[in-house]
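All chains are named by letter (A, B, ...) in the order of the sequence lines, taking the proteins before the strands, and each is independently numbered beginning at 1.
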Number of protein chains: 2
Amino acid sequence: MTDTTSRDTDQTRPGFRPLYAQVRELLVARIARGEWAPGEALPSEGQIAADLDVSQGTVRKALDAMTADRLLVRRQGRGTFVASHDENRVLFQFFKLTPDGGAREFPTSRLLKVETGRATADERTVLELRPNARVIRIERVRDLAGGPALIETISLPAALFPGFEKGEVPNNLYGLFATRYGVSIAVASETLKAVSADAKVATDLGVPNGSPLLMIERVARSIDGTAVEWRRSLCRTDRFHYVSELR
Amino acid sequence: MTDTTSRDTDQTRPGFRPLYAQVRELLVARIARGEWAPGEALPSEGQIAADLDVSQGTVRKALDAMTADRLLVRRQGRGTFVASHDENRVLFQFFKLTPDGGAREFPTSRLLKVETGRATADERTVLELRPNARVIRIERVRDLAGGPALIETISLPAALFPGFEKGEVPNNLYGLFATRYGVSIAVASETLKAVSADAKVATDLGVPNGSPLLMIERVARSIDGTAVEWRRSLCRTDRFHYVSELR
DNA sequence: AAGTGGTCTAGACCACCGA
DNA sequence: CGGTGGTCTAGACCACTTT
């Protein structure tokens, strides 16, 4: 094919989308459908190019964009893999609380409560649910560097996680979402405030009543943009801090 | 040139660097030297390619990488421009405190103090300065959405900003750094904690003594990696919140 | 040696901008 | 209209990994 333009690309208007964007969309959809599991290799660039009848360069551009979005991991000489939510990824992408003197580490968990119930108004708003939708609620204390660091309350749309209560609640929730339910967390927005510890929280975290705590509210979304998790954390910052890279 | 390899690229070892990375490095150095001012256009891709005797595709890859790092702004049909620190960029890249109900906005400033002095031990460590180095210190209160939002203390290496005290202290410091001193802030790391307001700060911010505040410590670095600013902010979060996008 | 992603080139054409 | 960046292709060769 010598002529570049005998395709979708030359639409003079209005829904023009670059070919690589279309390729990307297609691949994202296939990953979201679970066609390739987390950690699994995609076909080679040349293979995909042949299948879709586009050039390898176009496929490469789509894969590079997906890699930049952390959807894929490329390994030279080996292949291109669907990103998995192993502890390392979750630690660096999603867990921003760090011991003051030391290195980043993954927190442990002590479960306080798991329940299912009708979504509150707030939960419906944040998670974009219908009236009467049900949610799973999790409450747990997490330890870091040998002591309690935070207490977190998590709300999940029950419809996305059937049978959730019958299993264990693992330390790394996002890993479970991905492997058991095919729900891959892609991005999260966090909102931070400073608040005072009330009596219950102070006890759970072992700090004086009224101590300043960092409150983190997170909404996590999957690859296709669905709101999947609402999480509120209350964090000690006397021995820990939250890191944020501005770039 | 049909043979791809008659260049630096085919070094079998050890200091192998892709051509586009070398091009990028060169261009970054020239920008850091002030060869093109913020807001100014670079030569066209073809021009740069011809000058450096590489292909346009290689130049494009270098420019794309620099654009991803927010060093450049590309505008189709017009050219490639050195990123400037206008209020919009500073607002979205560096100012993460937002009014609770409303849209992001740029804060105003009320100057409390400007002074020059010998760097403290902390300042020397954070800003990577020699013993006896001098620093400029700025203290100001910043208003957002019609009320005091934060009080910030800033330390700058005096050597980088000669004559700083003779001029005004603008609201947008990074703009001044770029245009007057050729120092372009590229990245910043922030560390967040929750603390209690002491009497002085409580007065400045108009909150009760002991109120929880968000403390933000920032180290900002220029294009070439030099630590340029150490900033500590104490923020009200009763009407504001800090946003952090995890991706 | 074979297969994968990574780099580099060359050239054609499209989309956008300003004169 | 001419110039700029944006897309797409095709092909050669390099670097890395596994067999």
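- Contact annotation: the side chain of Ser222(B) never approaches that of Phe177(B) to less than 4.5 Å [non-hydrogen atoms, C-beta and beyond].
- Using a cut-off of 4.0 Å between Lys/Arg side-chain N and Asp/Glu carboxylate O, Lys96(B) and Glu190(A) are scored as not salt-bridged.
- In this structure, Gln56(A) atom CD and dG11(D) atom C1' are separated by 10 Å, rounded to whole Å.
- Distance, Asp64(A) CG to dG6(C) C1': 9 Å, rounded to whole Å.
- Residues of residues 65-78 of chain A having a heavy atom closer than 4.0 Å to DNA chain D, listed by number: Gln76(A), Gly77(A), Arg78(A).
- Shown here are the side chain to side chain donor-acceptor pair (under 3.5 Å) partners of Trp36(A), two or more places apart in sequence or in another chain: there are none.
- In terms of phosphate contacts, Tyr20(B) brings a side-chain nitrogen or oxygen within less than 4.0 Å of OP1 or OP2 of dT7(C).
- At a threshold of 4.0 Å, the pair Asp69(A)-Arg24(A) counts as salt-bridged, since one of the basic side-chain nitrogens sits closer than that to a carboxylate oxygen.
- For residues 169-180 of chain A, every residue pair satisfying the side-chain hydrogen bond (donor to acceptor under 3.5 Å, both in side chains) rule, not counting sequence neighbours, is listed here: Ser109(A)-Asn171(A), Arg142(A)-Asn171(A), Tyr174(A)-Arg218(A), Tyr174(A)-Glu229(A).
- Residues satisfying the salt bridge (Lys or Arg N to Asp or Glu O under 4.0 Å) test with Arg104(A), not counting sequence neighbours, are none.
- The listed nucleotides are dC8(C), dG5(D), dA10(D); the one nearest the side chain of Ser55(A) is dA10(D).
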Given Watson-Crick and G-U pairs under 3.5 Å, DNA chain C in dot-bracket ([ ] crossing, | other strand) is ||||||||||||||||||.

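- The aromatic rings of Phe106(A) and Phe95(A) lie tilted to each other, with the angle between the two planes from 30° to 60°.
- Nearest nucleotide to the Glu45(B) side chain, out of dG6(C), dG6(D), dC8(C): dG6(D).
- Whole-Å rounding puts the Arg17(A) CZ to dG6(D) P distance at 16 Å.
- Atom pair Arg24(B):CZ and dT7(C):C1' shows a separation of 16 Å (rounding to whole Å applied).
- Contact annotation: Thr58(B) reaches the phosphate of dT9(C) (side-chain N/O to OP1 or OP2, under 4.0 Å).
- Contacts of Glu245(B) classified as side chain to side chain donor-acceptor pair (under 3.5 Å), with partners at least two apart in sequence or in another chain: Ser189(A).
- Look at CZ on Arg60(B): it is 13 Å from C1' on dT9(C), rounded to the nearest Å.
- Remark: side-chain polar atoms of Tyr181(B) are paired, donor with acceptor, to backbone N or O of Pro162(B) under 3.5 angstrom.
- In this structure, the CG atom of Leu63(B) is 8 Å from the P atom of dG5(D), given to the nearest Å.
- Rounded to whole angstrom, the span from the CD atom of Gln22(A) across to the C1' atom of dG6(D) amounts to 15 Å.
- At the phosphate of dC8(D), neither OP1 nor OP2 sits under 4.0 Å from any side-chain N or O atom of Lys61(A).
- The distance from atom CD1 of Ile48(B) to atom P of dT9(C) is 14 Å, rounded to the nearest whole Å.
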